[in-house]
2 protein chains.
Amino acid sequence: MPPIIHGSSEACQAVNSILSRVGDKWTVLVVELLGQGPLRFNELRRLIGGISQKMLTTTLRGLERDGFVTRTVFPTIPPRVDYELTDLGRDLLVPVHALGEWARLNTGRVAKARVSFDLKQKDEAA
Amino acid sequence: MPPIIHGSSEACQAVNSILSRVGDKWTVLVVELLGQGPLRFNELRRLIGGISQKMLTTTLRGLERDGFVTRTVFPTIPPRVDYELTDLGRDLLVPVHALGEWARLNTGRVAKARVSFDLKQKDEAA
DNA sequence: CCGAATCCAGACTGATACTG
DNA sequence: CAGTATCAGTCTGGATTCGG
């Protein structure tokens with residue numbers, strides 16, 4: 001999953017690496033949910049609603065690998081696995097929330113731009 | 001390109017929509033470059049280095065559609081096209097820079113987590 | 001209950017060639 | 001110079017099935 005930028009500084013690669021993780025389909029949602037406290041696998045699954053086990057597993061593994069969440073297994077019957085944000089994960093939440101807040105505030109502007117752009121395209125086609 | 005989140009509020013969809021644009025391979029790089037002033041197509045191409053014409057076009061069209069950049073065509077020979085950030089684009093740069101700054105500061109932590117994770121994986125395989 | 005493994009369709013990326 | 005068109009390879013996400 002490492003997008004490599006050739007003509008650019010290493011700092012940019014670092015940024016891109018973070019953005020790639022943050023920008024994928026489920027990561028932010030999972031991180032935000034875990035931000036309110038630890039959750040079990042199927043609790044997450046239910047809360048998200050439209051995610052497959054595979055994608056949830058993949059997402060959680062990625063987050064675990066990058067040190068954003070911990071995975072705790074209780075070897076009971078039935079088994080139980082808790083996921084929880086690390087300090088690093090909670091740290092990440094700060095700038096992510098800022099971007100999220102920006103998105104919430106500016107959805108209207110973006111939506112308007114899209115409509116106007118699409119309209120112009122259609123006109124040119126005619 | 002609309003990732004749909006089922007079990008979640010509309011606000012989350014909005015956030016996700018922005019993050020999907022921001023998280024793709026070239027968008028941030030392009031936006032940051034344009035943040036320093038308008039650029040022509042091939043100037044961008046050269047500055048980025050590893051991008052194909054097609055991807056640069058696609059990225060710029062997406063940014064234009066969302067209202068983050070303007071596209072100005074000079075019908076001269078040879079033709080000339082300038083790309084420039086809009087107010088909305090410059091606005092977006094603020095939270096994006098915050099996230100970028102976080103990434104720069106925390107690359108080490110993430111890298112360390114990855115190494116330790118991969119090591120643990122390898123041990124378990126043995 | 002948690003999750004690994006497999007298979008598959010569709011989206012995304014990119015190299016190449018061509019156009020105004 | 002600034003694209004568009006086409007085609008091939010890769011990657012992603014999801015359904016299904018199986019295991020601990």
Side-chain angles (χ1 to χ4, degrees), chain A residues 1-7 16-17 19-30 34 38-65 69-84 121 124-125, chain B residues 1-8 16-17 19-30 34 38-65 69-84 117 121 124-125:
Chain A
M1 196 197 276
I4 296 169
I5 294 172
H6 298 81
N16 199 263
S17 159
L19 284 173
S20 292
R21 172 149 310 293
V22 164
D24 85 7
K25 201 171 179 180
W26 306 105
T27 295
V28 170
L29 197 51
V30 169
L34 289 177
L39 288 169
R40 302 178 56 176
F41 187 87
N42 274 0
E43 287 176 337
L44 271 171
R45 185 151 156 56
R46 269 193 306 277
L47 285 171
I48 295 173
I51 193 173
S52 62
Q53 309 100 311
K54 179 186 174 180
M55 286 318 297
L56 185 50
T57 301
T58 305
T59 301
L60 287 167
R61 282 289 174 286
L63 287 171
E64 190 192 357
R65 176 164 188 263
V69 310
T70 57
R71 177 170 178 273
T72 315
V73 182
F74 301 90
T76 56
I77 308 268
R80 170 196 178 124
V81 182
D82 275 16
Y83 293 93
E84 188 170 10
Q121 290 297 87
E124 283 168 14
Chain B
M1 195 199 273
I4 295 169
I5 294 172
H6 298 81
S8 185
N16 201 263
S17 158
L19 283 172
S20 291
R21 174 150 308 295
V22 164
D24 85 6
K25 202 171 179 182
W26 306 106
T27 293
V28 170
L29 196 49
V30 169
L34 290 177
L39 288 169
R40 301 178 58 176
F41 187 87
N42 274 0
E43 288 175 336
L44 271 170
R45 186 152 155 55
R46 270 192 307 277
L47 284 170
I48 295 174
I51 193 172
S52 61
Q53 309 100 310
K54 179 185 173 181
M55 287 318 297
L56 184 51
T57 301
T58 305
T59 302
L60 287 168
R61 284 287 176 288
L63 287 171
E64 190 193 357
R65 176 166 188 262
V69 308
T70 56
R71 176 169 178 272
T72 313
V73 181
F74 301 90
T76 55
I77 308 260
R80 169 195 178 123
V81 181
D82 276 17
Y83 292 92
E84 186 170 11
F117 182 89
Q121 291 297 89
E124 282 168 13

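Below, read A as the first sequence line, B as the second, and so on, with proteins coming before strands; counting in each chain starts at 1.
- In this structure, B:Thr59 has no side chain to side chain donor-acceptor pair (under 3.5 Å) partners at least two apart in sequence or on a different chain.
- When the P atom of D:dA2 is taken as reference, atom CZ of B:Arg45 falls 11 Å away, rounded to whole Å.
- Listed nucleotides C:dC1, D:dG13, D:dA2 differ in distance to A:Lys25; the shortest reach to its side chain belongs to D:dG13.
- Across all strands, B:Tyr83 comes closer than 4.0 Å only to sugar-phosphate atoms, never to a base (heavy-atom distances).
- Atoms CG and CG, on A:Leu56 and A:Leu44 in that order, are 5.5 Å from each other to the nearest 0.5 Å.
- For C:dG14, one of the phosphate oxygens OP1 or OP2 lies less than 4.0 angstrom from a side-chain nitrogen or oxygen of B:Trp26.
- Straight-line distance from the CG atom of B:Leu56 to the C1' atom of C:dA15: 16 Å, rounded to whole Å.
- Partners of A:Arg80 by salt bridge (charged side-chain N to carboxylate O under 4.0 Å, His left out), not counting sequence neighbours, listed by chain and number: A:Asp82.
- In terms of heavy atoms, A:Ile51 sits closest to A:Arg45 at O-NH1, 2.5 Å.
- Partners of B:Arg65 by salt bridge (charged side-chain N to carboxylate O under 4.0 Å, His left out), not counting sequence neighbours, listed by chain and number: A:Asp118.
- In this view, B:Arg40 satisfies the side chain to side chain donor-acceptor pair (under 3.5 Å) rule with no residue, not counting sequence neighbours.
- A straight line from CZ of B:Arg21 to C1' of C:dC12 spans 14 Å, rounded to a whole angstrom.
- Distances shown here put a side-chain N or O of A:Arg40 below 4.0 Å from the OP1 or OP2 atom of C:dC2.
- As rounded to whole Å, 13 Å separates atom C1' of D:dT10 from atom CE of B:Met55.
- Atom-to-atom, CG of B:Leu60 to C1' of D:dC1 comes out at 14 Å; the value is rounded to the nearest Å.
- The interatomic distance linking A:Leu44 (CG) with C:dG3 (P) rounds to 10 Å, in whole Å.
- The two residues A:Leu63 and A:Thr27 have their closest heavy-atom pair at CD2-CG2, 3.7 Å.
- The 5' end of DNA chain D is approached more closely, in terms of each residue's nearest nucleotide, by A:Ser52 than by the other of A:Ser52 and A:Pro79.
- To the nearest 0.5 Å, the span separating CE on A:Met55 from CG on A:Asp24 amounts to 6.5 Å.
- Rounded to whole angstrom, the span from the CD1 atom of A:Ile77 across to the P atom of D:dG19 amounts to 17 Å.
- With rounding to the nearest 0.5 angstrom, the CD atom of A:Glu64 is 11.0 Å from the OG1 atom of A:Thr57.
- Five base pairs at each end of the helix from C:dC1-D:dG20 to C:dG20-D:dC1 define two local axes, and these are offset by 40° (rounded to 10°).
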Give me the distances for all protein-to-nucleotides 4-10 of chain C N/O pairs that come in under 3.5 Å?
| from | atom 1 | to | atom 2 | distance (Å) |
| --- | --- | --- | --- | --- |
| C:dA4 | OP1 | A:Arg61 | NH2 | 2.4 |

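- Across the protein-nucleic acid pair, B:Phe41 atom CZ and D:dG3 atom C1' stand 6 Å apart, rounded to whole Å.
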